[in-house]
Amino acid sequence: TLFRYQSIELLDSVYHVAETSKDNAVKSYNYDTASRILVKSNPDSALILAKLGLKYAKKVNNDTLIADSYTTIGTIYKAISNYKEAINNQKKALHHAKKVNALRQIESAKSALGIIYTEQANYSSALEIYYDLLLFAKNRKDTFSIAQIRNNLGNIYFEQKVLEKALKN
């Protein structure tokens, strides 16, 4: 109950900032944050807030904020099992993130796509995404991400009954 209370308090705070700020970038960030808090408990409201975040991100023409908004929207669509819209929004996020070389947003959108493709049993697309992410993580020497990605690759190969490759990852 403490966590739930803190989430409600945080939601109230970020929503208040979004509603009262005169700065469109601040509005975008806080609507997006509010929507992420609500994804699991109230996806309909989360989607409304995420789209408001996108609206304000576009007003300031900030590709990083736009990418964040599209990633959040894609995450909400995935949560309600609308995979077509989830993929569409993650691809838009990736497009905007690549325009400004926003590495965290690129990684986030690709990771979300990998998860969606895996859930859809579109293993060839998931493998392509995860191998791309693995190279990305190796170049950054990010051992935690490397371990996570290898685990995801192993799970995909296990699902396909390619046990030799599953054990390599």
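Owing to the predicted nature of the structure, the values given are computational and were not obtained by experimental measurement.
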message = For a side chain to side chain contact (heavy atoms under 4.5 Å, CB included) check, start with the C-alpha distance between Tyr29 and Tyr56, then their side-chain angles and the critical distance, and finish with the verdict.
response = CA-CA 9 Å; Tyr29 177 82; Tyr56 287 105; over 6 Å; no

query = Can you say whether the rings of Tyr131 and Tyr157 are parallel (under 30°), tilted (30 to 60°) or perpendicular (over 60°)?
reply = tilted

For this session: May I ask you to decide if Ser28's main-chain N or O and Asp32's side chain share a donor-acceptor pair within less than 3.5 Å?
Result: no

Donor-acceptor list for residues 62-70 side chains, cut-off 3.5 Å, not counting sequence neighbours:
from  : atom 1 : to     : atom 2 : distance (Å)
Asn62 : OD1    : Thr64  : N      : 3.0
Asn62 : OD1    : Leu65  : N      : 3.0
Asp63 : OD1    : His96  : ND1    : 2.6
Asp68 : OD1    : Arg104 : NH2    : 3.3
Asp68 : OD1    : Gln105 : NE2    : 3.2
Asp68 : OD2    : Arg104 : NH2    : 3.4
Asp68 : OD2    : Gln105 : NE2    : 3.4
Ser69 : OG     : Leu54  : N      : 3.4
Ser69 : OG     : Leu65  : O      : 3.1
Tyr70 : OH     : Lys58  : NZ     : 3.2

Paired with Tyr31, the side-chain hydrogen bond (donor to acceptor under 3.5 Å, both in side chains) test is passed by just one of Lys55, Arg36, Glu19, namely Glu19

Salt bridge (Lys or Arg N to Asp or Glu O under 4.0 Å) between Glu107 and Arg140, worked out | CA-CA 12 Å; Glu107 186 175 27; Arg140 289 189 347 264; 3.5 Å; yes

Rounded to the nearest 0.5 Å, the CD1 atom of Ile106 sits from the NE2 atom of His95 at a distance of 12.0 Å

Open item on the list: If hydrophobic clusters are built from ILVMFWY residues whose side chains come within less than 4.5 Å, do Ile37 and Leu52 share one?
Closed with: yes

For Ile156 and Tyr130, the nearest pair of non-hydrogen atoms, with its separation, is CD1-CD1, 3.6 Å

Original post:
Tyr117, Leu153: one ILVMFWY side-chain cluster at the under-4.5 Å cut-off?
Top reply: yes

Are Ile48 and Ile76 linked, directly or through intermediate hydrophobic residues, by side-chain heavy-atom contacts shorter than 4.5 Å (ILVMFWY only)?
no

**Message:** Working note: Thr118 + Ile116, criterion side chain to side chain contact (heavy atoms under 4.5 Å, CB included); need CA distance, chi angles, decisive distance, verdict.
**Reply:** CA-CA 5 Å; Thr118 301; Ile116 295 165; over 6 Å; no

So CG of Leu47 and CG of Asn42: to nearest 0.5 Å the spacing works out to 10.5 Å

Inspect the contact between Lys27 and Asp23 and indicate whether a charged nitrogen and a carboxylate oxygen are less than 4.0 angstrom apart.
no

Residues Ser35 and Thr72: closest non-hydrogen pair is OG-CG2, 3.2 Å

For Val60 and Ala25 the tightest heavy-atom approach is CG1-N, 3.8 Å

Exercise for review: Could you walk me through whether Gln90 and Ile87 pass the side chain to side chain contact (heavy atoms under 4.5 Å, CB included) test, one step at a time?
Suggested key: CA-CA 5 Å; Gln90 296 302 347; Ile87 290 168; 5.8 Å; no

Taken to the nearest 0.5 Å, the spacing of Leu134 CG from Leu127 CG works out to 11.5 Å

- Query: Should Ile80 and Val39 be regarded as members of a common hydrophobic cluster, given that ILVMFWY residues are connected when their side-chain heavy atoms come within less than 4.5 Å of each other, either directly or indirectly?
  - Reply: yes

Output for pair (Lys99 NZ, Asn101 CG), nearest 0.5 Å, gives 13.5 Å

Separation between CG (Leu103) and CG (Asn139), nearest 0.5 Å, reads 10.5 Å

Sorted by chain and residue number, the side-chain hydrogen bond (donor to acceptor under 3.5 Å, both in side chains) partners of Lys91 (sequence neighbours excluded) come out as none

Residues joined to Val100 in its hydrophobic cluster, side chain to side chain under 4.5 Å directly or through other members, sorted by chain and number, are none

Asn122 and Ser125: CA distance, side-chain angles, deciding distance, side-chain hydrogen bond (donor to acceptor under 3.5 Å, both in side chains) verdict: CA-CA 6 Å; Asn122 182 348; Ser125 294; 3.1 Å; yes

Here the gap from Asn89 atom CG to Lys78 atom NZ, rounded to the nearest 0.5 Å, amounts to 14.0 Å

Got Ile146 and Phe136 here, is their nearest side-chain heavy-atom distance under 4.5 Å?
no

* Do Ile73 and Tyr15 share a hydrophobic cluster (ILVMFWY, side-chain heavy atoms under 4.5 Å, transitive)? -> no

Residue pair Leu133, Ser111: steps toward the side chain to side chain contact (heavy atoms under 4.5 Å, CB included) verdict: CA-CA 8 Å; Leu133 280 169; Ser111 181; 4.1 Å; yes

Point to revise | Any donor-acceptor N/O pair, Asn151 side chain to Ala147 backbone, under 3.5 Å | key: no

| field | Glu128/Lys110 ion pair, N-O < 4.0 Å | value | no

